[in-house]
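Report on the following structure.
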Amino acid sequence: MLLSKLFGKTQREIPAEADTVSHRLLLKSGMIRQLAAGIYTYLPLAWRVIGKIEAIVRDEMNKAGGQELSMPVLQPIELWQKTGRDLAFGKGLFTLYDRKERQLAMGPTHEEVITELVSYNVQSYRDLPLLLYQIQTKFRDEPRPRGGLIRVREFIMKDLYSFDADDEGLAQSYDKMLNAYRNLYARCCLPAILIEADSGAIGGKDSHEFMVISESGEDEFIYCDGCKYAANVEKATSVKDKAESKQPLPAEEVATPGYQSIGEVSNFLGVPARQTLKAVFYIADKELVFIAIRGDIEVNETKLKNLLHCTELRMAGEDEIRAAGIVAGSASPVGLKDIKIVADESVTSGTNFVAGANKADTHLKNVNYNRDFKANIVADIALARAGEVCPRCGGRLLSAQGIEIGHIFKLGTFLSEKLGAYYIDASGISRPIVMGCYGIGIGRLMAAIVELNHDDKGIIWPMSVAPYLVYLCPLYTENDEVVKAAENLYAELEKLGLEVLFDDRTESPGIKFNDADLLGIPLRVTVSPRTLEKGSVELKLRTEKNTELVPLDAAVEKIKKLVSDTQADSQFT
RNA sequence: CGGGGUGUGGCGCAGUCGGCUAGCGCGCAGCGUUUGGGACGCUGAGGUCGGAGGUUCAAGUCCUCUCACCCCGACCA
């Protein structure tokens, strides 16, 4: 490809709104352009990268036994109503009306469509297992797109759906995908970390995410160096410092004039925060819920939401709390009636807590669970934090910020039951098909690769996904010798099928080198009067600092070797 | 949805107390001189100042409404 003909220009300056590394570099290199919030055009260079990532993903899916197909973007809303997931997605669903006033959803994912399809095509256990996948554009009206390609509203996604006769079959399919994912990330030079995850709106039981550590990521996960434990904060559990466990003392009121927050109250009374109980109020699908949790622990809203089986959960406003007759600042589960109380496990294991008294400027000392109050539900709704103790091995937990580059789910049978996807087993009994689904955001993957492979000069594409492998860079293009040598090289490399970006522009060396670095093409080949004087060309890998002079007649061989060597390397990173 | 911010050529920005023809840098086009890490000179093209309404002799500048985008939060496979 001649650079002079390539559509898309590198930018000297970039829009101020770009704040993540990948967003900046993809804009500066002229590879993407934003059309609206979370909606991007991929220019030719980016599209080549996308194509290469897709090819790797496709290859791994096929190797695992997947069959590719394509499904509609436009999906009747009734299909979503059947599974109830129109509510789970809520406003995240892009919808529109056709001329007959029928409502359609722009597919945010395709479990409904594929399950409907499979229900039609599968009747017998002999038809199972089945792995079907698609690589398509999906739509989600995210409340806040961000980070360039990290979180968008229109995105290319690979989704594979597995269909098995039973849980054991599902476990096998799940393992196959786990394996395929590991391979594919390795091929893309991404050090992906497998973590336990919450399954969110999609439902189901087991779920894992693949994360890549990056400050541009929007997920936090907790992990342990001692063992393999790693989980999204939404899901993570931890062992907290113990509260005291002594003989319960008689409860007594104490005056706490003007002290409301846990910090203030524990300070004033000289009691550690873990010996206090705090009250937090949520509105779960319009119902006010009282949360009792130890003062030093935060509520994990994901756990709470799952526990309450609600679709909408938010913190209650002060007026809503007051309307329920509760004294904000001194709220207490003690003596409370007619309000659902959810207690974190932490409140049941300690003794003699300080809690509110439901009376202004007053708290209660020596409050004990069971004796002084009871909860409707007791469960783990605590947020795990770095520094706490690992639930598996007793080590110290750490936390990291990351980009979610893959999410896999054991769905089970709830979708097949709702959509009538049943099969007849060997003994002639009708059973629901057991499902799994396995997603990867292709564009986000590209952004993640940039996040993890760059320097202050620009992108450093791994050979496996680079838009071109060789950046052919003649200097002093008014020099006929240079042009001739470069054109010969170009022809020979093209003949070998190597993808070459030929910088045929009459620009100064500085501009050419800087563009080469910015675009991140793995191998730069410089031809100039200086190199030709020695009958050579200069080779430089984007990953390396130093350059190497190679005789003209050996150049093609050497380039070929460098390209295939690094490509092979990258598969095992 | 709550909080904060920004909208002026393709990109980055300036524009005072309302004042006359809306500027600068980059990029773009032409010519010439240059050239191993973003050269220089000259010439030139390119603008509904986000939009609507208002105040005024006069609005990029003031007022009202509105739209878009960004950041934090909520939210989010």
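Chain naming here is simple, since letters A, B, ... match the order of the sequence lines and numbering starts at 1 in each.
Of the P atoms belonging to B/G25 and B/C63, the separation is 32 Å, rounded to the nearest Å. Nucleotides B/G44 and B/G7, compared at atom C1', are 29 Å apart to the nearest Å. Nucleotides B/C11 and B/G47 are separated by 14 Å at their P atoms, to the nearest Å. When the C1' atom is used for both B/G51 and B/G37, the distance is 45 Å, rounded to whole Å. With P as the reference atom, B/C17 and B/C72 are 33 Å apart, rounded to whole Å. Taking atom P in both B/U8 and B/C70, the straight-line distance is 14 Å, to the nearest Å. B/C28 and B/A45: their C1' atoms are spaced 8 Å apart (whole Å). Of the P atoms belonging to B/G27 and B/C67, the separation is 38 Å, rounded to the nearest Å.
Nucleic acid contact class of A/Gly147 (heavy atoms, under 4.0 Å, all strands): sugar-phosphate only. At the heavy-atom level, A/Asp159 lies under 4.0 Å from base atoms of the strands shown. A/Leu27 comes within 4.0 angstrom of no nucleic acid atom, judged by non-hydrogen atoms across all strands. No contact: A/Lys138 has no heavy atom under 4.0 Å from any strand.
Scanning for ring-ring contact (aromatic ring centres under 6.0 Å, His included) contacts around A/Tyr468 gives an empty result, with sequence neighbours left out. With sequence neighbours excluded, no residue forms a salt bridge (Lys or Arg N to Asp or Glu O under 4.0 Å) with A/Glu301. Checked against side chain to side chain contact (heavy atoms under 4.5 Å, CB included), A/Ser399 has the following partners two or more places apart in sequence or in another chain: A/Glu220, A/Ile222, A/Ala386. Taking the salt bridge (Lys or Arg N to Asp or Glu O under 4.0 Å) definition, one finds that A/Glu218 meets it with A/Arg146, A/Arg151, A/Arg444, sequence neighbours left out. The side chain to side chain contact (heavy atoms under 4.5 Å, CB included) test applied to A/Pro432 returns A/Thr413, A/Ser416, A/Glu417, A/Tyr422, not counting sequence neighbours. Looking at residues two or more places apart in sequence or on another chain, you find a side chain to side chain contact (heavy atoms under 4.5 Å, CB included) between A/Glu538 and A/Arg524, A/Thr526, A/Thr531, A/Thr547, A/Leu549. Considering only residues two or more places apart in sequence or on other chains, A/His454 meets the side chain to side chain contact (heavy atoms under 4.5 Å, CB included) condition with A/Val21, A/Leu25.
Using N1 to N3 plus N6-O4 or O6-N4 for Watson-Crick, or N1-O2 and O6-N3 for G-U wobble, each under 3.5 Å, B/U33 pairs with B/A39. B/G9 is unpaired under the Watson-Crick or G-U wobble criterion, no partner having all donor-acceptor distances under 3.5 Å. With a cut-off of 3.5 Å on both Watson-Crick or G-U wobble distances, the partner of B/C65 is given as B/G51. Pair assignment for B/G60: none, as no Watson-Crick or G-U wobble contacts are both less than 3.5 Å. With a 3.5 Å ceiling on both atom-pair distances, the Watson-Crick or G-U wobble partner of B/C28 is B/G44. In a base pair of the Watson-Crick type (N1 to N3 plus N6-O4 or O6-N4) or a G-U wobble (N1-O2 and O6-N3), with each distance short of 3.5 Å, B/C1 is matched with B/G73.
The interatomic distance linking A/Glu142 (CD) with B/G73 (P) rounds to 15 Å, in whole Å. Put simply, CZ on A/Arg85 is 14 Å from P on B/C76, counting in whole angstrom units. Atom CG in A/Asp141 sits roughly 13 Å away from atom P in B/C76 (whole-Å rounding). Here B/C76 presents its P atom at 16 Å from CE of A/Met157, a figure rounded to the nearest Å. Note: CZ (A/Arg151) to C1' (B/A74) measures 13 Å, nearest angstrom. Spacing between atom CG of A/Asp219 and atom P of B/C75 amounts to 14 Å, rounded to whole angstrom units. As a whole-Å value, the separation of A/Ile14 CD1 from B/G10 C1' is 15 Å. Between A/Met315 atom CE and B/G73 atom C1' there is a gap of 12 Å when expressed in whole angstrom units.
RNA chain B lies under 4.0 Å from at least one heavy atom of each of the following residues of residues 34-42 of chain A: A/Gln34, A/Ala36, A/Ala37. The stretch residues 278-289 of chain A has no heavy atom under 4.0 angstrom from RNA chain B at all.
Aromatic ring orientation, A/Tyr490 versus A/Phe502: tilted (interplanar angle from 30° to 60°).
Here A/Lys5 does not pair with A/Asp504 in a salt bridge; the nearest charged N to carboxylate O distance is not below 4.0 Å. A salt bridge is absent between A/Glu111 and A/Lys418: the closest approach of a Lys/Arg side-chain nitrogen to an acidic carboxylate oxygen does not fall below 4.0 angstrom. Salt bridge annotation for A/Lys138-A/Asp159: present, with a cationic side-chain nitrogen under 4.0 angstrom from a carboxylate oxygen. Comment: A/Arg153 engages A/Asp141 in a salt bridge, judged by a side-chain N to carboxylate O separation of less than 4.0 angstrom.
A cation-pi arrangement is absent between A/Lys340 and A/Phe290, since the terminal nitrogen or guanidinium carbon is not both under 6.0 Å from the aromatic centre and inside a 45° cone about the axis.
Under the side chain to side chain contact (heavy atoms under 4.5 Å, CB included) test applied with A/Ile381, the options A/Val280, A/Leu308, A/Val342, A/Ile297 reduce to a single match, A/Val342.
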Which letters describe nucleotides 23-41 of chain B, given B = protein heavy atom under 4.0 Å from base, S = only from sugar-phosphate, - = neither?
--BSS-------BBBBS--
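Residue A/Arg144 places at least one side-chain N or O under 4.0 Å from the OP1 or OP2 atom of B/C72.
Contacts classified as ring pair (Phe, Tyr, Trp, His ring centres under 6.0 Å) and involving residues 27-46 of chain A (residues at least two apart or in different chains) are given here: A/His23-A/Tyr40, A/Tyr42-A/Trp47.
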Please tabulate the protein-to-nucleotide N/O contacts below 3.5 Å involving nucleotides 5-9 of chain B, giving atom names and distances.
none

Could you go through the side chain to side chain contact (heavy atoms under 4.5 Å, CB included) check for A/Arg542 and A/Asp517 one step at a time?
CA-CA 7 Å; A/Arg542 181 67 179 83; A/Asp517 287 344; 3.9 Å; yes
